[in-house]
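Start at 1 and go down the list; that is how both ligands and their atoms are numbered.
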Amino acid sequence: MSDRRSQLLLAGAVALAIYAVFFAGGYAHDVLARAGIYAIAAIGYQLVFGRLGALSLAQGCFFGLGAYAAALTALKLDFGFPLTLLAGTALPVLLAAVIAVPVLRLSSHYFALATLGIAQLAVLAATNWTDVTGGANGLYGVPPLAFGGMQIEFGLPLTLLVWTCVGIVLLFSRRLTAGRNGLRVETLREAPKAAAALGIDGTAIRFRFFLVSAAFGGFAGALQAHAVGVVSPDVLSFHILVLLLAMTVIGGRDSPLGAVLGALLLVHLPEWFRDFADYYLVAYGAALLAAIIFLPRGLAGLLPSSNRSALPVPATAVPARRNGDTLSVEMLSKRFGGIDALKDVSLTVAPGEIVGLIGPNGSGKTTLVNVVTGMEKPDSGRVRFGHADLTGLPPEHIARAGIARTFQHPQIAPDLTVRESLDAVGDGDAETLLALVGLESGAETRSGALPPAGQKRLEIARALAAGASLLALDEPAAGLSDPERAQLASLLKKLAADGHAILLIDHAMDFLLPLADRVLCLSAGRVAAEGAPDEVARDRHAVEAYFGESPL
Ligand SMILES: Nc1ncnc2c1ncn2[C@@H]1O[C@H](COP(=O)(O)OP(=O)(O)OP(=O)(O)O)[C@@H](O)[C@H]1O
């Protein structure tokens, strides 16, 4: 609780408690409890929508399922607290686990549509499965919450209970996103390809967050069922989802606190504008629009940002690997439609060696790196690293085996500092790595604020932080000035001398040929020439591949 943000938050929590205990009464308590219940569901939504950047349209469905599960277990099975809340939490988690496998593979709008479809199915089931759900009329007489036979009265006791739950859920959510976890999630959201290529297991993170969001949604729905006493298909309606979405956006999608502020505001706004009679909806809509236009980072964006560098990130001095394995690519082929992007390509890169990969645009260089790093699956051929057969394995497995890559267009999380970008992927000594790539003075700079040359160096440092012994570098010198190229060249020599294996793609022959120990020239997916740099530079096939121009 040292930085200004934490102090403000503490003051806000105390003010809310004083308001609840000494000033609010009757209906105001109900409104506050309702805000707390929605806050819990919105905190869950923030994890998926805010943190992962995935537009899930199932959070309202998880909320409604939680409400139905709690109501049904209370009314039909005579379950008491805490079993009803447990059932309300477990059912949406179960559904999330079942749908996660097919749904989490989908990208952006397909994910949104799939989750919307699931939500619609839940509404249909609730409306038509009359024997169980009570159909359109729903279920009545859900008992209030009770602890060991003692009923939690509406008003202050229920409000305090709900907001204690909000506090616990906030702490849990913070644990999930603090320190390195948060840095990894941000890398995954902003640079998903790089995250996979650095060994971050995006599938596991997405799965975990989706299930936790379902748990929070269901738990909130279960609380709602007990607080209101009635559950109808309304709790599954699109309205709940839109409300949770608005709470997360208006409160601020970057932090769970935003979800709480959004819930407090959006539940109270209709109450404040109630006196405007017919103009109530106009005033409500105008307030929402104003919040979206003038507060792009939401209400939480008004608070001073948290001191992220204070987050505990373990830092043991583990320098990049040495004496790694030899990469052997054997007869690799990959077709896209009718095009042979790679046809029977073989090559090796040994520790301490720099192998240059050249060829005109579209000759298959990036495809080769994509296949080696698991971003594309080959049609035939093998990729071995030492004794391990890595053919067709997912990128994060290959990264963990010691192969990392950089991208033609740097893939970075722009809001992470340079140091955080490294901390996200490994335990390495960030200072040493940054000094190695010449970024030591920019450790606290936002990665997105680095010039292109800096971002390319950051990508190399990040690959080393991930513990790579083989680096596949896709056009690292593109766009660099002559002095920057010279610095990059001496860095690559240093890394090779240190035992790293380097596969280097570049069109700049004056940069690549003096650096490489061997060169492989691709043409239309096939190996056109291979050998020492000066041999390849003179090779008729290699020269022809460059449209008749001498590469030197
Ligand atoms: N995902 C894809 N879908 C369809 N075709 C693809 C895909 N990726 C690459 N290709 C095609 O495969 C061929 C090889 O492309 P690749 O990007 O590997 O070449 P490159 O040598 O890296 O080119 P550049 O120097 O321009 O980066 C090209 O014809 C390209 O259009």
Practice prompt. Can you figure out which of Asn361, Ile339, Leu342, Val369 has its heavy atom closest to atom 24 (P) of ligand 1?
Written response: Asn361
Fill in: From the candidates Thr366, Leu368, Asn370, Asp474, the one that places a heavy atom nearest atom 17 (O) of ligand 1
Thr366
Worksheet item: More than 12 heavy atoms of other residues, nucleotides or ligands under 6.0 Å from CZ of Arg335: is that the case?
Response: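 Count over threshold, so yes.
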Worksheet item: Are side-chain N/O atoms of Glu484 and Ser481 paired as donor and acceptor at under 3.5 Å?
Response: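 Yes - a donor-acceptor pair under 3.5 Å links their side chains.
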Fill in: Candidate list Asp474, Leu515, Leu471, test side chain to side chain contact (heavy atoms under 4.5 Å, CB included), partner Leu504, passing option
Leu515
Discussion item. Which residue in the set Ile502, Leu488, Leu495 passes side chain to side chain contact (heavy atoms under 4.5 Å, CB included) when paired with Leu473?
Written reply: Ile502
Report, in ascending order of atom number, the atoms of ligand 1 lying under 4.0 Å from any heavy atom of [X].
{"X": "Ser363", "value": "19 (O), 20 (P), 21 (O)"}
{"X": "Gln408", "value": "27 (O)"}
{"X": "Pro360", "value": "21 (O)"}
{"X": "Lys365", "value": "18 (O), 19 (O), 20 (P), 21 (O), 22 (O), 23 (O), 24 (P), 25 (O)"}
{"X": "Thr367", "value": "9 (C), 14 (C), 15 (O), 16 (P), 18 (O)"}

Worksheet item: Are any of the N or O atoms of Phe336 closer than 3.5 Å to those of ligand 1?
Response: no
Discussion item. Against ligand 1, does Gly359 come closer than 4.0 Å with any heavy atom?
Written reply: no
Discussion item. Would His507 count as a contact residue for ligand 1, given that I'm defining contact as a non-hydrogen atom of the residue lying under 4.0 Å from a ligand atom?
Written reply: yes
Fill in: Whether Glu459 side chain and Phe407 backbone form a donor-acceptor pair below 3.5 Å
yes
Practice prompt. Would you verify that at least one protein heavy atom lies under 4.0 Å from atom 31 (O) of ligand 1, or report that none does?
Written response: no
Worksheet item: Measuring to protein heavy atoms, does anything land under 4.0 Å from atom 2 (C) of ligand 1?
Response: yes
